[in-house]
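Notes for the one structure printed next.
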Amino acid sequence: GSLLAAVDPRAAEWEAKLKKLAAQVGSKGGLGALLVRVVSGSNLECTDDRCDAYVNVAVDGKTQRTEVVENNMNPRWDASPFFFGVLSASSVVRLEVFDDNLLGDEPMGHFDLQVSKAPVKVGLPLLPHRLQGASRGSLEAEIAFCPAPAPAAAPAAAPVAAAVAAAAAVA
């Protein structure tokens with residue numbers, strides 16, 4: 001099978017939504033937009049005999065979370081993507097796995113990625129991210145960053161201004 005066969009058919013729709021959000025964030029001085037889609041976990045380290053896992057995704061103080069997958073050390077969320085506005089180049093996305101317990105949720109590891117190092121294309125092949133803070137386990141997630149578009153007026157106006165100045169200098 002080709003790599004293209006693995007691309008989610010909704011990738012084009014998600015990319016359009018990501019670009020729209022990036023433009024909105026950019027118009028308010030932000031850096032762009034981030035898509036995070038939590039797909040699956042493997043060999044998670046459970047704190048008790050049951051593993052009821054969910055994932056918190058946090059960027060710039062905003063958090064979203066997946067549903068809980070009950071009683072599974074290899075959960076598959078295949079969640080719809082979360083979208084975040086990104087404020088700066090130093091922003092970090094953190095994906096943290098928790099075991100959902102009545103007496104308080106137990107952390108089962110996390111990984112961080114600086115937004116500026118995220119791929120800029122939606123629909124790339126997924127890579128497992130080794131969980132930190134746990135003796136084992138990994139998380140498969142799609143992360144894509146879309147920078148805000150440059151303001152349209154500035155680049156278009158600059159060559160015109162230069163041409164007008166050159167014409168004035170000749171005259």
Side-chain angles (χ1 to χ4, degrees), residues 1-22 24-25 30-87 90-147:
S2 74
L3 288 176
L4 291 176
V7 172
D8 195 292
R10 299 166 293 181
E13 171 193 330
W14 295 337
E15 191 152 21
K17 187 173 178 180
L18 186 64
K19 285 180 178 172
K20 186 176 177 184
L21 178 60
Q24 291 169 347
V25 171
L31 191 70
L34 190 73
L35 170 148
V36 180
R37 186 169 71 91
V38 179
V39 178
S40 64
S42 64
N43 198 26
L44 297 180
E45 182 177 47
C46 302
T47 51
D48 52 24
D49 58 347
R50 265 181 73 99
C51 219
D52 301 328
Y54 69 90
V55 180
N56 265 353
V57 181
V59 180
D60 289 334
K62 298 201 173 12
T63 303
Q64 299 187 57
R65 67 173 270 187
T66 65
E67 299 291 315
V68 173
V69 174
E70 294 187 350
N71 204 17
N72 195 331
M73 289 171 51
N74 300 294
R76 185 153 189 91
W77 292 278
D78 211 3
S80 291
F82 299 129
F83 293 90
F84 294 91
V86 176
L87 303 178
S90 62
S91 294
V92 171
V93 57
R94 170 170 278 208
L95 285 81
E96 189 161 15
V97 185
F98 287 93
D99 188 1
D100 185 46
N101 289 321
L102 289 174
L103 300 174
D105 298 353
E106 297 276 340
M108 295 194 294
H110 68 274
F111 80 89
D112 298 335
L113 179 69
Q114 192 163 347
V115 170
S116 60
K117 293 186 168 89
V120 292
K121 176 136 182 57
V122 176
L124 294 175
L126 299 168
L127 298 171
H129 298 273
R130 172 88 178 79
L131 294 174
Q132 299 158 6
S135 63
R136 64 171 201 258
S138 63
L139 197 58
E140 203 173 57
E142 176 177 15
I143 301 173
F145 174 68
C146 180

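This is a predicted model, so every value here is computed, not measured.
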Problem - Student check: side-chain heavy atoms of L31 and V25 closer than 4.5 Å - result: no
Completion exercise
Taken to the nearest 0.5 Å, the spacing of F83 CZ from L35 CG works out to 4.5 Å
Practice task
For D99 and C51, indicate whether the former's side chain and the latter's backbone hold a donor-acceptor pair under 3.5 Å.
Solution key: no
Handout entry: Closest approach of R76 to V69 (non-hydrogen atoms, all atoms of both residues)
Key = O-CG2, 3.9 Å
Exercise for the section: Supply the atom-to-atom distance K17 NZ to R10 CZ, rounded to the nearest 0.5 angstrom. Expected result: 12.0 Å
Problem - Single hit among V55, V39, L44 for side-chain contact (heavy atoms from CB on, under 4.5 Å) with L139 - result: V55
Exercise for the section: State the NZ-CH2 distance between K19 and W14, to the nearest 0.5 angstrom. Expected result: 15.5 Å
Practice task
Locate the shortest heavy-atom distance separating S91 from D60; write the atom from each residue and the value.
Solution key: OG-OD1, 2.8 Å
Problem - Results of salt bridge (charged side-chain N to carboxylate O under 4.0 Å, His left out) for E96 - residues two or more places apart only - result: none
Handout entry: Pair I143-L113, side chain to side chain contact (heavy atoms under 4.5 Å, CB included): steps then yes or no
Key = CA-CA 9 Å; I143 301 173; L113 179 69; 3.9 Å; yes
Handout entry: Flag if over 12 foreign heavy atoms under 6.0 Å of CD, E67
Key = no
Exercise for the section: Taking side chain to side chain donor-acceptor pair (under 3.5 Å) as the test, write out the residues that go with T63, two or more places apart. Expected result: none
Exercise for the section: Output the distance between atom CZ (R130) and atom OG (S42), rounded to the nearest 0.5 Å. Expected result: 10.0 Å
Problem - Check: N56/R65 side-chain N/O donor and acceptor closer than 3.5 Å - result: no
Exercise for the section: Write down the atom of A144, the atom of L18, and the distance for their closest heavy-atom approach. Expected result: O-CD2, 4.0 Å
Practice task
For R94, enumerate each residue passing the salt bridge (charged side-chain N to carboxylate O under 4.0 Å, His left out) test, keeping only those at least two apart in sequence or located in another chain.
Solution key: D112
Completion exercise
Scanning both residues in full, the closest heavy-atom pair of A33 with V86 reads C-CG2, 4.2 Å
Handout entry: Closest approach of P128 to S138 (non-hydrogen atoms, all atoms of both residues)
Key = CB-OG, 4.1 Å
Handout entry: Sidechain N-carboxylate O distance under 4.0 Å for D78, R37
Key = yes
Exercise for the section: Run the salt-bridge test on R50 and D52 with the 4.0 Å N-O cut-off and return the result as yes or no. Expected result: yes
Exercise for the section: May I ask you to test the V36-L95 pair for a side-chain heavy-atom distance under 4.5 Å? Expected result: yes
Problem - Side-chain (Q64) to main-chain (V57) donor-acceptor, under 3.5 angstrom - result: no
Exercise for the section: Answer yes or no: is there a donor N or O on one side and an acceptor on the other, between the side chain of N72 and the main chain of N74, under 3.5 Å? Expected result: yes
Exercise for the section: With the side chain counted from C-beta on, respond yes when M73 and E45 share a heavy-atom pair under 4.5 Å apart, and no when they do not. Expected result: no
Practice task
In sequence, state the C-alpha distance, the side-chain angles, and the governing distance for E142 and V122, and then conclude on side chain to side chain contact (heavy atoms under 4.5 Å, CB included).
Solution key: CA-CA 8 Å; E142 176 177 15; V122 176; 3.5 Å; yes
Practice task
Could you pull out the closest heavy-atom pair between A118 and F145, with the gap in Å?
Solution key: CB-CB, 4.0 Å
Practice task
For Y54 and D105, test the side chains for any donor-to-acceptor distance below 3.5 angstrom and give the result as yes or no.
Solution key: yes
Problem - Residue pair F84, L21: steps toward the side chain to side chain contact (heavy atoms under 4.5 Å, CB included) verdict - result: CA-CA 8 Å; F84 294 91; L21 178 60; 5.9 Å; no
Exercise for the section: Please step through side chain to side chain contact (heavy atoms under 4.5 Å, CB included) for the pair E106 and C46, ending with a clear verdict. Expected result: CA-CA 9 Å; E106 297 276 340; C46 302; over 6 Å; no
